[in-house]
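Remember, it's 1-based here, ligands and their atoms both numbered in the order they're listed.
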Amino acid sequence: MSTFNVINPANEQVLAQLDEDSAASVQEKFELVRKGQKAWAAIPVAERIDCIRRFDLLLSEELDKLAQILSEEVGKPLQQAKNELNGARGRISFFIQHSEKWLQDEWLVTEGSTQERISYEPLGIIANISAWNYPYLVGVNVFIPALIGGNAVLYKPSEYSSLTGLAIRDLLYRSGVPENVFQVVLGGGGVGSYLLDLPLNGYYFTGSNKTGKLIAQRVAEKLVPCQLELGGKDPLYVTDEVADIRQVAAAALEGVIYNNGQSCCAVERIYVQEKVYDQFLTAFLEQVKELKVGDPLVEGTDIGPLTRKEQLAFILDQVQDAQNKGANLLYGGFRIQQPGYYMMPAVLGEVNHSMRVMQEESFGPVIGIQKVESDQEAVELMKDTSYGLTAAVYTSNKERAEQILRQMNTGTVYWNCCDRVSANLPWSGRKDSGLGSTLSFSGIRAFVQPKSWHLRG
Ligand code: NAD
């Protein structure tokens, strides 16, 4: 069996060496869950939810240890790792509270000669091919409702968050989820593609647009559900009607920089109305300078290393491209010369849409800030993207905000907030940002199929 190394991005040391799955071992895992899924589906939903309740309890009891593993393997500051675990627990609690309601039979006609009802049946065995940036959050969006819905899951964590994937597996087993219902598949993209060779009943992918499209093509011929949660190039617009520009700058900065910008819904482009542009820029730069870049395990660190080494060169290239085309590098934008994948966050002014930094997903600590004359210009620029995940506007004028947000072709819109996900609301990308929804009632129903009953007694 071949192995792969888990590297700590904060010091480039090997954290662990893990066995990589092969086509044969993935096939074995598939055969195992094929045997277990029917028995799992046959137990009452409430019992499956009880397992998830125990899982949630274990997450809370072992939070510090799990946060440390996560922080070491992906480089996020320890406090942010804890926040992620708590955020995941919030989502789990949504599923615990609401799943029974959305999975129970619905009677549409109960009188007359023909009665009609809908029941919701599991899909069977699903693949959960996942990303590393928020392994708990994007993981629980899929494997929790899939398990509650009576499915078996072949879970492939990203090769960059495999230790977390293994920790999740162990906690699920200790919570009562049988081994023949949940299996972890470890390795990189090649291992992921073994899952595409299997006759699974659904594919749920979180990751890049490039891989997502490839997966959708491979899955198309199977005619089974294929959901994709992909990237974004999310805009934020600051109008000239804001009460406290410093506060708006702080919120925008957090949207850019939280998790080192490695968030699908990170703020990736900022447009500012010309009347408040200078004030905004001053407040933004003052605050970016206060951020501490350093060891993610040290308290008070705001920004750790990037998770993947290759991303450093990619982001620095975007910065260089912008500068070549006339942008002004106002802060940072260079690799910190020490072990680990650290860079100073980059703030670019005088940007425009000919620059890659305003078009391609950056997925890192870099932001372009562009001046606009009017709402109309802002709307046109915000819409000038192949992505469609989120869009935000800051203004004290609600009508103005709604007028702007109605024009956005994105799955999510924000008024006076950004970079936010709620378990109550469907999480879905449009265009290049994905297909289908997780979370909310639609994220419960995404893992079951309706059966329509026409009953004449
Ligand atoms: P990625 O596409 O490189 O990898 C995602 C997963 O796919 C990994 O598990 C990887 O091993 C696997 N994979 C790669 N090639 C494969 C193949 N040929 N067949 C099967 N599996 C394959 O993405 P990433 O770097 O892990 O994640 C970052 C991206 O994810 C960003 O674009 C980000 O915006 C996006 N993302 C989106 C959301 C969302 O909710 N919309 C959430 C988190 C991350």
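Given atom 23 (O) of ligand 1, the protein heavy atom at minimum distance is S208 N, 3.2 Å. Of the protein's non-hydrogen atoms, the one nearest atom 33 (C) of ligand 1 is F363 CE1, 3.2 Å. Here the heavy atom of the protein found nearest to atom 18 (N) of ligand 1 is L214 CD2, 3.6 Å. In terms of protein heavy-atom proximity, atom 7 (O) of ligand 1 is nearest to F205 CE1, 3.2 Å. Protein heavy atom closest to atom 40 (O) of ligand 1, with residue, atom name and distance, is W427 NE1, 2.8 Å. Atom 17 (C) of ligand 1 has as its closest protein heavy atom G189 O, 3.4 Å. From the protein, the heavy atom lying nearest to atom 21 (N) of ligand 1 is G192 CA, 3.6 Å.
Under a cutoff of 6.0 Å and an axis angle of 45°, R445 and Y120 form a cation-pi pair. Taking the ring centre of F363 as origin, the terminal cationic atom of R308 falls outside the region bounded by 6.0 Å and 45° from the ring axis.
Salt-bridge check for D321 with K325: passed, with a basic side-chain N closer than 4.0 Å to an acidic carboxylate O. A salt bridge links R174 to E62: at least one charged side-chain nitrogen sits closer than 4.0 Å to a carboxylate oxygen. Using a cutoff of 4.0 Å between basic side-chain nitrogens and carboxylate oxygens, D56 and R89 are scored as salt-bridged. The residues D21 and K156 are annotated as not salt-bridged, no charged nitrogen and carboxylate oxygen being separated by less than 4.0 angstrom. A salt bridge does not link E361 to K233: none of the charged side-chain nitrogens sits closer than 4.0 Å to a carboxylate oxygen. No salt bridge links R218 with E221; every basic N to acidic carboxylate O contact stays at or beyond 4.0 Å.
Distances below 4.0 Å separate heavy atoms of I129 from the following atoms of ligand 1: 6 (C), 7 (O), 9 (O), 12 (C), 21 (N). Every atom of ligand 1 with a heavy atom of W132 under 4.0 Å away is listed here by number and element: 24 (P), 25 (O), 26 (O), 27 (O). Within ligand 1, counting atoms from 1 as listed, the ones closer than 4.0 Å to a heavy atom of V138 are 42 (C), 43 (C). Proximity to E229 (heavy-atom distance under 4.0 Å) selects the following atoms of ligand 1: 37 (C), 38 (C), 39 (C), 40 (O), 41 (N). The contact set between ligand 1 and E159, taken as ligand atoms under 4.0 Å from a residue heavy atom, comprises 8 (C), 10 (C), 11 (O). Remark: ligand 1 atoms within the under-4.0 Å shell around heavy atoms of S158 are 9 (O). The ligand atoms of ligand 1 that sit less than 4.0 angstrom from a heavy atom of L196 are 19 (N). Residue-ligand proximity, A131 to ligand 1, at heavy-atom distances under 4.0 Å covers atoms 26 (O), 27 (O).
Of the heavy atoms in Y134, none comes closer than 4.0 Å to ligand 1. At a heavy-atom distance under 4.0 Å, no atom of Y160 approaches ligand 1. Residue contacts with ligand 1, taken as heavy atom pairs separated by less than 4.0 Å, involve S130 solely via the backbone atoms N, CA, C and O. With a 4.0 Å heavy-atom cut-off, ligand 1 is reached by no atom of N209. At a heavy-atom distance under 4.0 Å, atoms from both the backbone and the side chain of T206 approach ligand 1. Under 4.0 Å from ligand 1, the heavy atoms of N133 that appear belong solely to its side chain. The part of E361 lying near ligand 1 is the side chain, judged by heavy-atom distances below 4.0 Å. Looking at R308 against ligand 1, only its side chain comes within 4.0 Å, counting heavy atoms.
Counting heavy atoms from C-beta on, the side chains of F143 and F55 come closer than 4.5 Å.
No side-chain donor-acceptor contact under 3.5 Å links N409 and Y387. T390 and D234 share a side-chain donor-acceptor pair at under 3.5 Å. Side-chain polar atoms of N83 and Q79 form a donor-acceptor pair below 3.5 angstrom. Side-chain contact, Y134 with S263: a donor N or O sits under 3.5 Å from an acceptor N or O.
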Quick one: do T164 and S161 satisfy side-chain hydrogen bond (donor to acceptor under 3.5 Å, both in side chains)? Show the steps, please.
CA-CA 5 Å; T164 292; S161 56; 5.9 Å; no
Evaluate the side-chain hydrogen bond (donor to acceptor under 3.5 Å, both in side chains) criterion for residues T385 and Q359: first the C-alpha distance (whole Å), next the side-chain angles of each, then the deciding distance (0.1 Å), finally the verdict.
CA-CA 7 Å; T385 174; Q359 292 284 323; over 6 Å; no
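Note: an N/O pair closer than 3.5 Å links L230 and ligand 1 by distance alone. Note: an N/O pair closer than 3.5 Å links G207 and ligand 1 by distance alone.
For atom 4 (O) of ligand 1, the nearest protein heavy atom is 4.0 Å or more away.
Comparing heavy-atom distances from atom 38 (C) of ligand 1 across S428, P135, S162, C264 singles out C264 as nearest.
Between the side chain of E73 and the backbone N or O of I7, no donor-acceptor pair lies under 3.5 Å.
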